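See below for the structure under consideration.
Keep in mind it's a predicted model, so treat the numbers as computed, not measured.
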Amino acid sequence: MNIAVYCAASQSNDSTFDERTEELGNWIAKNNHTLVYGGGNTGLMGVVATSVMKSGGEVIGVMPQFFVDREIAKKDITTLHIVETMSERKNKMIELSEAYIALPGGPGTLEEIAEVVSWVRVGQTNGICIFYNMECYYNHLESFFNHMVTTNLLSKEDRNRIYFATNLEEIEKLIENYEKR
């Protein structure tokens, strides 16, 4: 299975994020999944790609040319798709993947995974969206999605298709159950 991972290109000041991201990368490789990600060499992006490659897995990066020009592309990965725009990047990552995981990140991470959540909701992709809520990073967002349900702006059925996992074991179970569907 191809798994898109959205995460920070910036370096966090919480080393736990790096450790758990590395564990996820190792798990992706050891379970013969392929990482699809933004193609960067820095922050959590660099951590997840490096861990997949070191564990013998495959990594597909998707990066706009303007980021390549800034020399932040990770060169030692299996495949790097170079596109022109961020919109093309998002579309290509969605097209290439069946599961979508958001790790801690900033506005870009949130924007990318929010698009996938919307696409799943309206039936444009049949993937599974998981927020990896390490160190309670996404607690407020989870509460906000629940608030959307209480205000009737998100159906309970759609909310039940947005997953939050606090550890790798939960992610593994969610993906296994998704694959069995």
Side-chain angles (χ1 to χ4, degrees), residues 1-8 12 14-38 43-62 77-78 90 93-105 109-150 154-181:
M1 169 183 283
N2 286 2
I3 300 174
V5 173
Y6 303 98
C7 57
S12 168
D14 188 335
S15 63
T16 305
F17 292 167
D18 289 351
E19 293 163 14
R20 296 186 72 192
T21 298
E22 187 173 338
E23 289 171 3
L24 176 67
N26 293 336
W27 175 84
I28 287 171
K30 288 183 168 94
N31 286 278
N32 297 312
H33 298 302
T34 297
L35 171 67
V36 178
Y37 85 119
L44 295 181
M45 274 195 196
V47 171
V48 71
T50 298
S51 64
V52 171
M53 293 300 293
K54 280 186 179 177
S55 294
E58 293 193 17
V59 175
I60 300 170
V62 183
I77 59 176
T78 313
K90 291 186 295 183
M93 288 179 68
I94 292 170
E95 170 191 319
L96 291 171
S97 304
E98 294 100 4
Y100 310 89
I101 301 174
L103 305 183
T109 299
L110 192 56
E111 187 252 341
E112 289 177 311
I113 194 67
E115 184 164 336
V116 179
V117 168
S118 293
W119 280 33
V120 167
R121 187 169 173 240
V122 298
Q124 290 298 298
T125 186
N126 192 29
I128 180 173
C129 292
I130 304 168
F131 288 85
Y132 193 172
N133 194 18
M134 57 178 79
E135 303 304 305
C136 304
Y137 189 79
Y138 284 117
N139 278 0
H140 294 293
L141 184 60
E142 185 173 18
S143 293
F144 187 55
F145 279 124
N146 293 337
H147 180 66
M148 288 178 189
V149 172
T150 61
L154 177 66
S155 74
K156 195 170 207 159
E157 178 183 291
D158 286 340
R159 169 61 185 91
N160 289 337
R161 293 172 38 202
I162 304 168
Y163 300 95
F164 288 81
T166 59
N167 58 57
L168 188 53
E169 293 76 23
E170 290 176 11
I171 290 172
E172 186 171 15
K173 286 178 187 169
L174 287 166
I175 289 176
E176 282 175 7
N177 290 335
Y178 173 77
E179 287 181 310
K180 292 177 186 175
R181 293 188 317 170

Side chain to side chain contact (heavy atoms under 4.5 Å, CB included), paired with [X], selected from [options]:
X	options	answer
Val48	Leu35, Asp18, Ile101, Asn26	Leu35
Met134	Thr21, Asp14, Thr16	Thr21
Val52	Ile3, Leu24, Val59, Thr34	Val59

Before you tell me yes or no, could you show the steps for Ile77 and Ile60 under side-chain contact (heavy atoms from CB on, under 4.5 Å), namely the whole-Å CA-CA distance, both residues' side-chain angles and the distance that decides it to 0.1 Å? CA-CA 7 Å; Ile77 59 176; Ile60 300 170; over 6 Å; no
What I want to find out is whether [X] reaches [Y] closely enough, with some N-O distance under 4.0 Å, to be called a salt bridge.
X	Y	result
Glu135	Arg20	yes
Arg159	Glu142	yes
Glu112	Lys90	no

Nearest 0.5 Å please: distance from the [atom1] atom of [X] over to the [atom2] atom of [Y].
X	Y	atom1	atom2	value
Tyr163	Asn177	OH	CG	8.5 Å
Asn126	Glu98	CG	CD	10.0 Å
Ser97	Ile128	OG	CD1	13.0 Å
Ile28	Glu172	CD1	CD	11.5 Å
Met45	Tyr6	CE	OH	10.5 Å
Met53	Glu58	CE	CD	8.5 Å

Within the structure provided, determine whether [X] and [Y] are in side-chain contact (heavy-atom separation under 4.5 Å).
X	Y	value
Trp27	His33	yes
Pro104	Leu44	yes
Phe164	Glu170	no
Phe145	Leu154	yes
Val36	Val5	no

Closest heavy-atom contact between [X] and [Y]?
X	Y	answer
Cys129	Val116	SG-CG1, 3.3 Å
Ser55	Ala29	CB-CB, 3.5 Å
Ala102	Thr109	CB-CG2, 4.5 Å
Ile171	Ala165	CG1-CB, 3.6 Å
Ile113	Tyr100	CD1-CB, 3.9 Å
Glu23	Leu168	O-CD2, 3.8 Å

I would like to know whether Ile130 and Ile175 meet side-chain contact (heavy atoms from CB on, under 4.5 Å); could you show each step before the answer? CA-CA 9 Å; Ile130 304 168; Ile175 289 176; 4.0 Å; yes
Working for side-chain contact (heavy atoms from CB on, under 4.5 Å), residues Trp119 and Ile94: CA-CA 9 Å; Trp119 280 33; Ile94 292 170; 3.6 Å; yes
Check the pair Lys54, Glu22 against salt bridge (charged side-chain N to carboxylate O under 4.0 Å, His left out), reporting the backbone distance first and the verdict last. CA-CA 10 Å; Lys54 280 186 179 177; Glu22 187 173 338; over 6 Å; no
Output field: ring centroids Tyr137/Phe131 closer than 6.0 Å: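 For Tyr137 and Phe131, the ring centres are not under 6.0 Å apart.
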